[in-house]
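Quick notes on the structure that follows.
So that the names make sense, note that chain A is the first sequence line, chain B the second, and so on, each numbered from 1.
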2 protein chains.
Amino acid sequence: MRPSLIEIAERAGVSTATVSRALNDRPGVNAETRERILRIAREIGYAANSAARGLATSRTFTLGCINYRRDPQPISSYHVQIVEGIDHEARQHGYHVITTFVDAADMADAAQLSLIAEQRVDGLILVGPALKPSFIIQLRNSHIPLVLIDNLLEETDIDAVVCDNVGGTYRVTRHLLETHGLRRLVFLSGPAHWFSSRERRQGYEKAMREAGQEPCVVYMPDTTVNTGQAATLEALERHPDLEGIVAVNDATALGAIRASKKRGRHIPADLAVVGFDNVTWGPLHDPPLTTVRMFKYEMGIEAARRLMDMIERGPLPSFVLRLSTEVIVRESCGCKSSDETHYDDYGS
Amino acid sequence: MRPSLIEIAERAGVSTATVSRALNDRPGVNAETRERILRIAREIGYAANSAARGLATSRTFTLGCINYRRDPQPISSYHVQIVEGIDHEARQHGYHVITTFVDAADMADAAQLSLIAEQRVDGLILVGPALKPSFIIQLRNSHIPLVLIDNLLEETDIDAVVCDNVGGTYRVTRHLLETHGLRRLVFLSGPAHWFSSRERRQGYEKAMREAGQEPCVVYMPDTTVNTGQAATLEALERHPDLEGIVAVNDATALGAIRASKKRGRHIPADLAVVGFDNVTWGPLHDPPLTTVRMFKYEMGIEAARRLMDMIERGPLPSFVLRLSTEVIVRESCGCKSSDETHYDDYGS
DNA sequence: AAGCTGATTGCAAGCGCTTACGATAGACTT
DNA sequence: AAGTCTATCGTAAGCGCTTGCAATCAGCTT
């Protein structure tokens, strides 16, 4: 049996009310009394029972983190890094995180989400561009604080932490156009209704237009290696004079590389390929992948911080945080990167 | 305000006690009454408040999952897959999972772990071979149900779900010895006190001895790409006639490949390399990595199942579940693998 | 007809905490 | 000297649920 408030109260010769006030840093407690109470609490290793506190305050100090469980598994450490960021920031503020993975079926009915129904969390973070908008809207209607990561519902005022998709793709496309003097570039896009695909396409198109080139976009049903490979094979068929591929993410970029190798095209000599995401295996690939880094860990941190803000301060003016991105130049674009790369330093 | 038991009780014209009994499937409720109560509960979308239930029962229906936050990030989706398995199985049984990442500093003092101190979880799953034994022992002393994944404290009776490290490494080593007729093989080991390193080394040594070869083990301070690369460079220096490398995991196997390429040795022609883990990027590498698959998702499932068993049925005879492993033959060992690999199917 | 049984239900305490409100006492005002 | 504050602390209700125990009642037994 763990020690309770009552035990502290008895030892300190005060009431549980005073103990509660002292431990929660509330006013109305004599300095010496407070000192004594805190000391005793420390001595007996007291920590408040979360259920009792939760029942009394309607606060759980728990965040929910909902990820989409793709099938098949994506090749990416995408979710861990975000989840780690969330957990790190949450714990810093005394919160815990219930991390869960929903699949397509779960997304049909948000009401059945026990996280909310059983009032287990004070707020929710939704991770990834593939969550169904209707699902998100349903969650919003439960009036629980909500923050999206790497997603944005433009017609709503749901808070979101995203990265600068447009700018990132714009810059990496310009890198191909200007540094390498390439012209005939195609963009491998995910589904048009995915937020990040949309934005990245815009960055690509902007760069192309500015360079006086006609954009050429290939839409894919998903963004896996195989799909990227298939899409690239087709693109190479249709545009034999293709000079470069701007892929919506690293997995499809990898598919593109495999496809061109298959067609006897050397990377980057015969075809330049760039991705987006900076997954951990990018620098380990042959050739090392030029890509756009998104600060996933930091996105997790910011989303958690914002969510706890909403929980503690009540409704706030709507908020979209757009973290910067960084072009990581390696070799798949045609550059020569140093041999001294420390492979383990990448990935965040 | 979400509906409470009282609301159901009023609507059904019974007491809250009866409602509670009906909803919890306890005996002593007339069938019709039960029916009526369940119907009303469904109609108004009732779900029990977890804090109130927790306070009354001292049960949270929450599992804690503690992962070691390595620094720098490991190149692996190791944790997600395990965590997904745990979450999947837990939810199937009405449990939730608080996933958290501890670092070395956190491991100094288990008592401060608020998961336990605040009684937020009914049990704990500890993931990975790098968690400090002293930390684990401390947790055990808090008398909360505990299951280890991919770790084992042999001198204790702490439950564990591990994979057949010995057999996996044994078989993949034999593959090099027999199928490819190689002889001079070195084993790249992690720290000797890491459980999985120890076991995998044993598998390697067994295979070598059976083939009449003297085992040769290189110990590394950690198991990252860089360390694997450095260790391999040194091994090549010392044993120029080296024919193959059995790496303790895929990351170090990759380091080994990079090192030998650096020394102008072609893989697998001049040096065979095999890993362990079957990380998602393995089939995507050049050459595709021959490795030993561990069923991480399934390990998560089994650990969660066992933990819930302990929680619900009380102390059980000590338990170690050893899941099988599977040698995945690709090309880095010298085999030719089919071109038709569907890259996204791997990884679990 | 009295007593007994078992099925069904309600009563009420209690889980460990928070908090509105009232009580007390010393200090200060006029 | 009586009244007014303020700082400090206790009292007790209540958060929403579970559960031991008592109460009720119909159906049986003898």
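The CZ atom of Arg120(A) sits 13 Å away from the P atom of dC17(D) (whole-angstrom rounding). Across the protein-nucleic acid pair, Gln119(A) atom CD and dC15(D) atom C1' stand 11 Å apart, rounded to whole Å. Between Leu23(A) atom CG and dG16(C) atom P there is a gap of 16 Å when expressed in whole angstrom units. Rounded to an integer number of Å, the gap from Met1(A) CE to dC15(C) C1' is 9 Å. Summarising the geometry, the separation between CD1 on Ile6(A) and C1' on dC15(C) is reported as 10 Å, rounded to the nearest angstrom. Atom-to-atom, CZ of Arg53(B) to C1' of dC15(D) comes out at 16 Å; the value is rounded to the nearest Å. Spacing between atom CG of Asn49(B) and atom P of dC17(D) amounts to 6 Å, rounded to whole angstrom units. In this structure, the CG atom of Leu5(B) is 16 Å from the P atom of dT9(C), given to the nearest Å.
Among the protein residues, Ser20(A) comes within range of the nucleic acid bases, having at least one heavy atom under 4.0 Å from a base atom. Contacts of Thr33(B) with the nucleic acid, taken as non-hydrogen atoms under 4.0 Å apart, involve only primed sugar atoms and P, OP1 or OP2.
For the residue pair Asn24(A) / Arg53(A), a side-chain donor-acceptor distance below 3.5 Å is found, with atom types taken as modelled. Side-chain contact, Tyr68(A) with Asp103(A): no donor N or O sits under 3.5 Å from an acceptor N or O. Neither side chain, Thr18(A) nor Arg34(A), offers a donor N or O lying under 3.5 Å from an acceptor on the other. When only modelled atom types and interatomic distance are considered, Thr100(A) and His96(B) share no side-chain donor-acceptor pair under 3.5 Å. The closest side-chain donor-acceptor pair between Tyr95(B) and Asp122(B), if any, does not fall under 3.5 angstrom.
Two residues, Arg36(B) and Thr16(B), neighbour DNA chain C, and the one matched to the more 5' nucleotide by heavy-atom proximity is Arg36(B). The 5' end of DNA chain D is approached more closely, in terms of each residue's nearest nucleotide, by Ala51(B) than by the other of Arg26(B) and Ala51(B).
When distances run from any side-chain atom of Asn30(A) to the nucleotides dT18(D), dC9(D), dG16(D), the shortest one goes to dC9(D). When distances are taken from the side chain of Ala17(A) to each of dC17(C), dT11(D), dC17(D), the shortest belongs to dT11(D). Which of dT18(D), dG16(D), dG16(C) sits closest to the side chain of Ala56(A) comes down to dG16(C). Here the nucleotide nearest the side chain of Arg21(A), chosen from dG16(C), dC9(D), dT18(C), is dC9(D). Of the listed nucleotides (dC17(C), dT18(D), dG16(C)), dG16(C) has the atom at the smallest distance from the side chain of Leu55(B). Checking dC17(D), dC9(D), dG10(C) against the side-chain heavy atoms of Tyr46(B) singles out dC17(D) as nearest.
At a cut-off of 3.5 angstrom, the base of dG16(C) holds no donor-acceptor pair with the side chain of Arg2(A).
Using a cutoff of 4.0 Å between basic side-chain nitrogens and carboxylate oxygens, Asp157(A) and Arg140(A) are scored as salt-bridged.
Within the 4.0 Å cut-off from OP1 or OP2 of dC9(D), not a single side-chain nitrogen or oxygen of Ser15(A) is found. The side chain of Thr57(B) contributes no N or O atom lying less than 4.0 Å from OP1 or OP2 of dT18(D).
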